[in-house]
Amino acid sequence: MAFYKIKKVWKLKDNKVTPENFYNTRRDFLKKLGAGSLFLPGTSFISRPAFSSLYPPEVNKTYTISKPLSPESLVTTYTNFYEFGSSKNIWRRASKLKTEPWSITIDGLVDNPMVIDINDLIKKLGGIEERVYRFRCVEAWSMTVPWAGFPLNKILSLVEPKKDAKFLKFETFYDPEIAPGQKQKWYPWPYQEGITIEEAKNELSFLATGIYGKKLPNQNGAPLRLVLPWKYGFKSIKSIVKISLLAERPIGLWEKLAPNEYGFWANVNPKVSHPRWSQETEQQLGIDGRIPTVKYNGYEEQVSYLYKGLEKTLQDKLFR
Ligand code: MTE
């Protein structure tokens, strides 16, 4: 990842910004639509909309944030998806990705391996919920986002890992005809990422299928992406086709490319600089000025137990 000096590319006219209250009003409106159909004054009868009845999902109130949500218009247009190019502005190109049908392979050291369609998977897991998380990119920008999806540990219950499964490896699709970035041979495609099985069991580890009360748009990683809010954003792999349970630690795409810059752990830590820039502050999408970055991105209480005894190693080896 090149250091991206954040220009105010997201500066929008006031009327394009979606403040939280508008989001909530629209959410209620969508819910009513989803619940059946309704009459609007001055309009004709609106029948049940085409989008899936899963959206917008119930809010899980354990995971809410006091600060305003980032504007949806920025979160869905200022994106990192190197399969479609290295600029932030790839959202139109990403629309080429066909996300239906979409099957996911879950294999490796499990008692119950499977190849399953994303819609069947959601059904099997009992649906989806909404959680608002902070998200911090290694490039020092951040956002606050309402994700829809399910906890990753539900997948573990489904496939039943064997005793020697210690890591999860995630893999994105590979199709250079659709994703022109994958024609660039110096990247070790497909995009891969990995975490420990203990991290996967953590309550915060989430697989997202939606955002802002709707299905994920392609550019944000449809139809299924990882969200690990206490880690730098590159760990949150998009458009997953395969999850493998392994005994050995997997090596992610960025770690393969630049192991001194992008390590395995990648926990947000303002005290450990990236070799080329400080991580002490961050720029929030759509908001002027910088704010201090917080250890584990503010989720210390939920995740610090995972790294007890490892702190010194993590400090010594950058944020690896
Ligand atoms: N997943 C894939 N497959 N390809 C990518 O290029 N970029 C990562 C991560 N997941 C990336 C990916 C990085 S660097 C970040 S910061 C987040 O996605 C950005 O998520 P967003 O674009 O939805 O904000």
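Computed from heavy atoms alone, side chains included, the values below leave out hydrogens, waters and symmetry copies. Order of listing sets the numbers, starting from 1, for every ligand and every atom in it. Quantities reported herein were computed from a predicted structural model and do not represent experimental measurements.
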Heavy-atom donor-acceptor pair, Thr76 side chain to Glu72 backbone, under 3.5 Å
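Yes, the answer is positive, given that a donor and an acceptor are paired below the 3.5 Å cut-off.
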Do the side chains of Lys88 and Glu139 get close enough for a salt bridge, i.e. N-O under 4.0 angstrom?
yes
Do the side chains of Glu248 and Lys169 get close enough for a salt bridge, i.e. N-O under 4.0 angstrom?
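Salt bridge absent between Glu248 and Lys169.
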Please enumerate all residues that pass side-chain contact (heavy atoms from CB on, under 4.5 Å) together with Lys124, with sequence neighbours excluded.
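Residues passing side-chain contact (heavy atoms from CB on, under 4.5 Å) with Lys124: Ile116, Leu158.
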Check: every ligand 1 N/O to protein N/O pair under 3.5 Å:
unit_1   : atom_1 : unit_2 : atom_2 : d
ligand 1 : 1 (N)  : Lys238 : N      : 3.0
ligand 1 : 3 (N)  : Glu83  : OE2    : 2.9
ligand 1 : 3 (N)  : Thr172 : OG1    : 3.0
ligand 1 : 4 (N)  : Glu83  : OE1    : 2.8
ligand 1 : 6 (O)  : Tyr82  : N      : 2.7
ligand 1 : 7 (N)  : Asn80  : O      : 3.3
ligand 1 : 10 (N) : Ser236 : O      : 2.9
ligand 1 : 20 (O) : Arg225 : NH2    : 3.2
ligand 1 : 22 (O) : Asn80  : N      : 3.1
ligand 1 : 22 (O) : Lys238 : NZ     : 2.6
ligand 1 : 23 (O) : Asn220 : ND2    : 3.0
ligand 1 : 23 (O) : Arg225 : NH1    : 2.7

Looking only at non-hydrogen atoms, find the nearest pair between Gln279 and Ala140 and report the distance.
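In this case the closest contact between Gln279 and Ala140 is OE1-CB, 4.2 Å.
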Answer yes or no: does atom CD of Glu203 have more than 12 heavy-atom neighbours from other residues, nucleotides or ligands under 6.0 Å?
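Check passes, neighbour count above 12.
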